[in-house]
There are 2 protein chains.
Amino acid sequence: MYYLGVDLGGTNISAGLVNDKGAVIQKLSVPTLKERGSEIIFSDIANLCLRLIEENNLKLKNINSIGIGFPGVSNEKKDIIVYSCNLEFNDIDINKEIKKYFDLPIYAENDANCAALGESICGSAVGCKSSITITLGTGVGCGIILDNKIYSGAFCGGTEVGHTVIVVDGEPCSCGRKGCWEAYASATALIRETRVITAKYPDSKIFELVGGDIKQIDAKVAFDAAELGDKYAKHIIDEYYKYLAVGIANLINIFEPEKIAIGGGVSAQGEKLIKPVTKLVKGMVYGGKMKTSIVKAKLGNDAGIVGAAMLGKL
Amino acid sequence: MYYLGVDLGGTNISAGLVNDKGAVIQKLSVPTLKERGSEIIFSDIANLCLRLIEENNLKLKNINSIGIGFPGVSNEKKDIIVYSCNLEFNDIDINKEIKKYFDLPIYAENDANCAALGESICGSAVGCKSSITITLGTGVGCGIILDNKIYSGAFCGGTEVGHTVIVVDGEPCSCGRKGCWEAYASATALIRETRVITAKYPDSKIFELVGGDIKQIDAKVAFDAAELGDKYAKHIIDEYYKYLAVGIANLINIFEPEKIAIGGGVSAQGEKLIKPVTKLVKGMVYGGKMKTSIVKAKLGNDAGIVGAAMLGKL
């Protein structure tokens, strides 16, 4: 049996054919162009799914279900996209939209939850009943798996861990509040801090690496400059790790999951990031004995597709 | 059928006979005198249980089980007290200890978890599949009920929500770290802040209410002085509410439970506290739509006994 998984993002729609072990057989992608509205977007999703079926010489009866991951909130039955700020969707009945094309079970789920499910079923948290996957990108995304299931709150709007406050009255956050974890641990926050420090200290290696153009600073350059021994970059990274660790320790003190997987752009640093952050978190966990392990997420950009596909296996 | 529930605290051992609706039929209590060691303490627990059975003309066959709530960590099977800092217990096999006296199923569980279970089965969160009970006392205790069950982490050491950091590098906490929620939202924190402000402003009503003796300041006096219109007391209470609200909003942004119940000494303020805190939290919840309701815990000091007794009903 095969599963179709769709990662419906603000920029691209990616769809994948996934086998029952969670391996991606084939992937296809088109731009979202969200201003076209939901009806055309769902027709594109159906087209991608149809191509995946045909190009793999499959029949509809070989497909278990279609799962759609998206940035936003679904209802409890997972058949309505209640709200997506990014896609400007409100109360979209996905059964109605997709069943025009396929008579298959359809599921919709928040994309961070899909990523966490993917990691849990066939990524970095295989074999763990409880795991949390955080993604360090534009924001801080978070999906929570408890007892092998997605936990998304009584009203399906929960697990906005990026928007828990770790510094009362701290840095402004995209959500309008101050001091959220996201305002310290996202790639965006890292870029912001790197720009502030670099503008202040033009003798830093970072300044050199971006050819004196502060705007060129991304989430990677501070790591590169720190590697070259730059003291300002080291300071930036140390501070970034500290706030990242505080949020992870908070999650462990609340959930004590078997694993915490770190994904998103910043996680490309791999063990260079995982090792020092784990050391910091160990010093922060209540009672001093950390049983949770912190690992790099495995599935990368495929996590969303795999997790969405695996919604049909839950 | 009846249930025996024991609240084994650092100061007192309270035991109660509880019916299958969670109502306390009779309660008995003796001092813990923990320096006597675990064996004598368990013999006292057995005596209290025996008296409850006999004084109510019951037989052993009328008793379903004995549940014991205690400050600390149990194992997954709930038959070992792994660790209690407060009682100085390590790896106590409660089956072995209690089965000397009674051939009944025995369960041990963290006391904050018992209180949350009690509130969920027959207190302020009846009918809710998910609820969180926080107790504002010496520390900030927290029990989490998800899907009608106690959630206590993969390794049973989780849900130390009082020790999540809300102010990086903030006030020192009893756990050795800085900026934990407990260091701002416990009764202890409220007393600390009241003392600092009162020492600074001897013209405050608080100073008058404690007869000029700063040491007499408790967790109630700032509320009393605020009621009398004292501006310093109002400031103390407003700040206290703010930090309390930040932690509650964090919990909602993570869990989105149906209810959050507030217990412990400070909750005696009732609606005077619940109303302004709810208003603050509403302004802090991600997405702006709060579906969780914040209520006063109902069972008071009985929560521990009732919850411990109800362990046998899970």
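Convention: sequence-line order gives letters A, B, ...; per-chain numbering from 1. No experiment lies behind these values; they were computed from the predicted model shown.
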More than 12 non-hydrogen atoms from neighbouring residues, nucleotides or ligands closer than 6.0 Å to [atom1] on [X], yes or no?
X	atom1	value
A:Lys313	NZ	yes
B:Tyr232	OH	yes
B:Lys282	NZ	no
B:Glu239	CD	yes
B:Lys298	NZ	no
B:Tyr83	OH	no

I need the minimum non-hydrogen distance between A:Asn253 and B:Arg177, along with the two atoms involved.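 Closest heavy-atom pair between A:Asn253 and B:Arg177: ND2-NH1, 3.8 Å.
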Between A:Val285, A:Leu251, A:Val246, A:Val73, which shows the greatest number of heavy-atom pairs under 4.5 Å with chain B?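 Of the options given, most contacts go to A:Val246.
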Output the option from B:Gly288, B:Cys128, B:Ala154, B:Gly153 having the highest count of non-hydrogen pairs under 4.5 Å with chain A.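 Of B:Gly288, B:Cys128, B:Ala154, B:Gly153, B:Ala154 has the most heavy-atom pairs under 4.5 Å with chain A.
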Of the listed residues (B:Leu146, B:Val161, B:Ile144, B:Ile252), which shares the most heavy-atom pairs with chain A below a 4.5 Å separation?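 The answer is B:Leu146.
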Residue that, paired with B:Val167, satisfies side chain to side chain contact (heavy atoms under 4.5 Å, CB included) out of A:Val165, A:Val168, A:Ile166: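 Option passing the side chain to side chain contact (heavy atoms under 4.5 Å, CB included) with B:Val167: A:Val168.
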Mind checking the [atom1]-[atom2] spacing from [X] to [Y]? Nearest 0.5 Å is all I need.
X	Y	atom1	atom2	answer
A:Phe155	B:Lys291	CZ	NZ	7.5 Å
B:Lys149	A:Asp147	NZ	CG	6.0 Å
A:Asn250	B:Ile254	CG	CD1	7.5 Å
A:Cys175	B:Met284	SG	CE	11.5 Å
A:Glu256	B:Thr159	CD	OG1	9.0 Å

Under 4.5 Å heavy-atom distance to chain B, tell me which part of [X] shows up: side chain, backbone, both or neither.
X	answer
A:Lys289	neither
A:Tyr184	neither
A:Ser130	side chain

Using non-hydrogen atoms only, which part of B:Tyr243 is less than 4.5 Å away from chain A: side chain, backbone, both, or neither?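 Only the side chain of B:Tyr243 comes within 4.5 Å of chain A.
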Assign the ring pair A:Tyr151 / B:Phe255 to parallel, tilted or perpendicular, where the plane angle (0 to 90°) is split at 30° and 60°.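 Rings of A:Tyr151 and B:Phe255: perpendicular, over 60°.
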